[in-house]
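Input: a single structure, listed below in structure tokens.
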Amino acid sequence: MAALYDFDTAIDRRGTWCVQWDGVADRFGVDGLLPFTISDMDFATAPEVLAALRDRLDHGVFGYTTWQQDDFRSAVAHWYATRYGTEIDTGQLVYGPSVLNQLSQLLQMWTAEGDGVVVHTPTYDGFRKAITGLGRELRGVPVGDEEALVRELARPDAKVLVLCSPHNPTGRVWTGDELTRMAELAERYGVAVISDEIHADFVHEGHVHVPWTRVAGEAGGGRWALISSGSKAFNFPALTGSYGLIGDPADRAEYLRRMETAEGLASPAVLSLTAHIAAYREGGPWLDAVRAYVAGNLGHVAERLAADLPELGWEPPQAGYLAWIDLRAAGVDDAELQRVLVERERVAIMGGAVYGAPGFVRLNVGCPRAKVERGVEALIRAVKAAQSSTSGV
């Protein structure tokens, strides 16, 4: 029986104003590289989403739109109930043009210039830009280092913990116990929590995502927001659109006031609403299929690295389609590795320094298997070439 969805056939994204393919020279200085970079996928979104978008386009009228309607609210509630076994209070829902925009608004509400904002390291570069761009001080704590987390949260000027759950770029899925502990610490020290859960829908088998709404309630509350979007899992970030849950009614009202007045964003993108509703109501089977396909891609990367670079001891991430690879055991120079990747192999792979972690790379495997094969083989050859260059061979 043929597979219901085709993820093997490549879709040509060149010439579509695509950041990953058409904008590769902006980051790497060279056009025409095979990219494994920004975190979107090379797959078309779910057929159910495409069908809903076509129906909406056929209507032909695209006037001002409201997100505060039951079709959208109930779709989000349905998704959390069926995917995470979590009942959400739809009265806590808010909307925004993107997760990072929501993060920026919340940081402006809950912090002042010079305040400390705690994040886990390595750190998604979008967090770094948002926090430092607002004049706040980024305070990094290594993933899994609770002593460092306590120390930073306890500082008098620490105002917010920005949590990436699951964690980007490592793909770490926080356990319920870990999240509950973070909630308890945040409440103890009077630190607000902003939990970015945009990668939650891509948690792999054997791991379970726990939404922040559950642990916030267990820990007694405190100031918190969960921000997310269907755009990552269903691959429609260009439609814009995100949503959040904000626990405190006064904070929720202030957020909405800012969006509707100061930001002038009372009317969301109707195609984003359409896509979210279709994805959350009908897109589950497609998501399960693409996640299984990506898991196969990650397994292939693990197999090839184990065969040719066994010293890395690399294992697939617990979530996501981004292979976070620690190359420090290979003893290669970052700059030399990137030179070989770009000049000889003609591929673009994100260096770990972007996330504050030299010695790592982040390889996007949200693409057909043939492309993954080309990428991992190019990486292996580049590492070996860089090793030879470093040793003077």
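Residue numbers start at 1 and run along the sequence shown. What you see is a predicted model; the values in this text were computed from it and never measured.
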* Kindly determine whether His204 and Gln318 satisfy side-chain hydrogen bond (donor to acceptor under 3.5 Å, both in side chains), including the steps that lead there. => CA-CA 6 Å; His204 295 299; Gln318 298 171 349; over 6 Å; no

* Asked: Under the ring-ring contact (aromatic ring centres under 6.0 Å, His included) criterion, do Phe7 and Tyr293 qualify, and how do the steps go?
  -> CA-CA 8 Å; Phe7 302 117; Tyr293 186 90; 5.4 Å; yes

* Asked: What's the verdict on side-chain hydrogen bond (donor to acceptor under 3.5 Å, both in side chains) for Glu197 and Ser195, showing C-alpha distance, side-chain angles and the deciding distance?
  -> CA-CA 6 Å; Glu197 303 187 11; Ser195 183; 2.8 Å; yes

* Asked: Are Trp286 and Phe234 close enough, and set up right, to give a ring-ring contact (aromatic ring centres under 6.0 Å, His included), and what steps lead you there?
  -> CA-CA 9 Å; Trp286 178 89; Phe234 288 92; 5.7 Å; yes

* Pair Asp201-Tyr84, side-chain hydrogen bond (donor to acceptor under 3.5 Å, both in side chains): steps then yes or no -> CA-CA 9 Å; Asp201 295 330; Tyr84 306 120; 2.3 Å; yes

* Asked: Run the salt bridge (Lys or Arg N to Asp or Glu O under 4.0 Å) check on Arg369 and Asp8 step by step: do they pass?
  -> CA-CA 6 Å; Arg369 183 68 51 80; Asp8 286 318; 6.0 Å; no

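For Asn364 (side chain) and Ile38 (main-chain N/O), a donor-acceptor pair under 3.5 Å exists by modelled atom type. Under the 3.5 Å distance criterion, the side-chain polar atoms of Ser229 are matched with a main-chain donor or acceptor of Gly241. In this structure, the side chain of Asp22 engages the main chain of Trp17 through a donor-acceptor pair within 3.5 Å. The backbone N or O of Pro237 lies less than 3.5 Å from no partner atom in the side chain of Asn235, so there is not a single donor-acceptor pair. With hydrogens and angles disregarded, no donor-acceptor distance shorter than 3.5 Å links the side chain of Gln387 to the backbone of Gly331. A donor-acceptor pair is defined here as one N or O able to donate and one able to accept, closer than 3.5 Å; such a pair exists between the side chain of Ser272 and the backbone of Thr240. In this structure, the side chain of Arg362 engages the main chain of Thr37 through a donor-acceptor pair within 3.5 Å. At distances below 3.5 Å, at least one donor-acceptor pair connects side-chain atoms of Arg136 with backbone N or O atoms of Leu134. When atom types are taken as modelled, the side chain of Trp174 and the backbone of Cys164 share a donor-acceptor pair closer than 3.5 angstrom. For the pair Asn297 (side chain) and Cys367 (backbone), a donor-acceptor distance under 3.5 Å is present.
A salt bridge is absent between Glu178 and Arg181; no separation between the charged side-chain nitrogens and carboxylate oxygens falls under 4.0 Å. Of the charged side-chain nitrogens involved, none lies within less than 4.0 Å of a carboxylate oxygen, so that Asp115 and Arg155 do not count as a salt-bridged pair. Under 4.0 Å is where a charged nitrogen must lie from a carboxylate oxygen, and between Asp308 and Arg304 at least one such pair does.
Between Leu273 and Phe72, the shortest heavy-atom contact is CD2-CD1, 3.8 Å. Closest heavy-atom contact between Leu341 and Leu379: CD2-CA, 4.1 Å. Of all non-hydrogen atoms in Ile246 and Ala225, the two that sit nearest each other are CG1-CB, 4.0 Å. Of all heavy-atom pairs spanning Ala81 and Glu87, the tightest one is CB-OE2, 3.8 Å. Residue Val215 comes nearest to Gly176 through the heavy atom pair CG1-O, 4.2 Å, listed as atom of the first residue, atom of the second, then distance. When all heavy atoms are compared, the tightest approach of Ser231 to Ile198 is OG-CD1, 4.0 Å.
The aromatic ring centres of Phe360 and Tyr355 sit 6.0 Å or more apart. The ring of Phe236 has its center closer than 6.0 angstrom to the ring center of His276.
Between the side chains of Ser98 and Gln102, no donor-acceptor pair is found at a separation under 3.5 Å. Side-chain polar atoms of Ser104 and Asn101 form no donor-acceptor pair below 3.5 angstrom.
Thr86 OG1 to Trp212 CH2: the interatomic distance, rounded to the nearest 0.5 Å, is 13.5 Å. Here CG of Leu337 is found 6.5 Å from CG of Leu327. Values are rounded to the nearest 0.5 Å. Distance CG/Leu271 to CG/Leu57: 5.5 Å, rounded to 0.5 Å. Taking CG of Asp157 as the reference point, atom CZ of Arg139 lies at 4.0 Å (rounded to 0.5 Å). Put simply, CG on Leu256 and OH on Tyr95 are 13.5 Å apart, with the number rounded to the nearest 0.5 Å. Rounding to the nearest 0.5 angstrom, the gap separating the CG atom in Leu287 from the CH2 atom in Trp79 is 5.0 Å.
Residue pairs meeting the salt bridge (charged side-chain N to carboxylate O under 4.0 Å, His left out) criterion with at least one partner in residues 269-289, sequence neighbours excluded, are Arg83-Asp288, Asp288-Arg291.
Between Val118 and the choices Val160, Leu149, Val162, Ile131, the side chain to side chain contact (heavy atoms under 4.5 Å, CB included) rule is met once, by Leu149.
Every residue meeting the side chain to side chain contact (heavy atoms under 4.5 Å, CB included) condition with Arg13, not counting sequence neighbours, appears here in chain and number order: Thr16, Cys18, Gln20, Trp21, Asp40, Asp42.
Heavy atoms from other residues, nucleotides or ligands lying under 6.0 Å from CD of Glu373 number more than 12. Within 6.0 Å of atom CD in Glu315, 12 or fewer heavy atoms from other residues, nucleotides or ligands are found, so the atom counts as exposed in its surroundings.
In this structure, Lys371 satisfies the cation-pi test against Phe36, with its NZ or CZ atom closer than 6.0 Å to the six-membered ring centre and inside 45 degrees of the ring normal.
In this structure the side chain of His78 never reaches within 4.5 angstrom of the side chain of Tyr280, judged on heavy atoms.
Between His120 and His167, the angle of the ring planes goes over 60°, which puts this pair in the perpendicular group of the 30/60° scheme.
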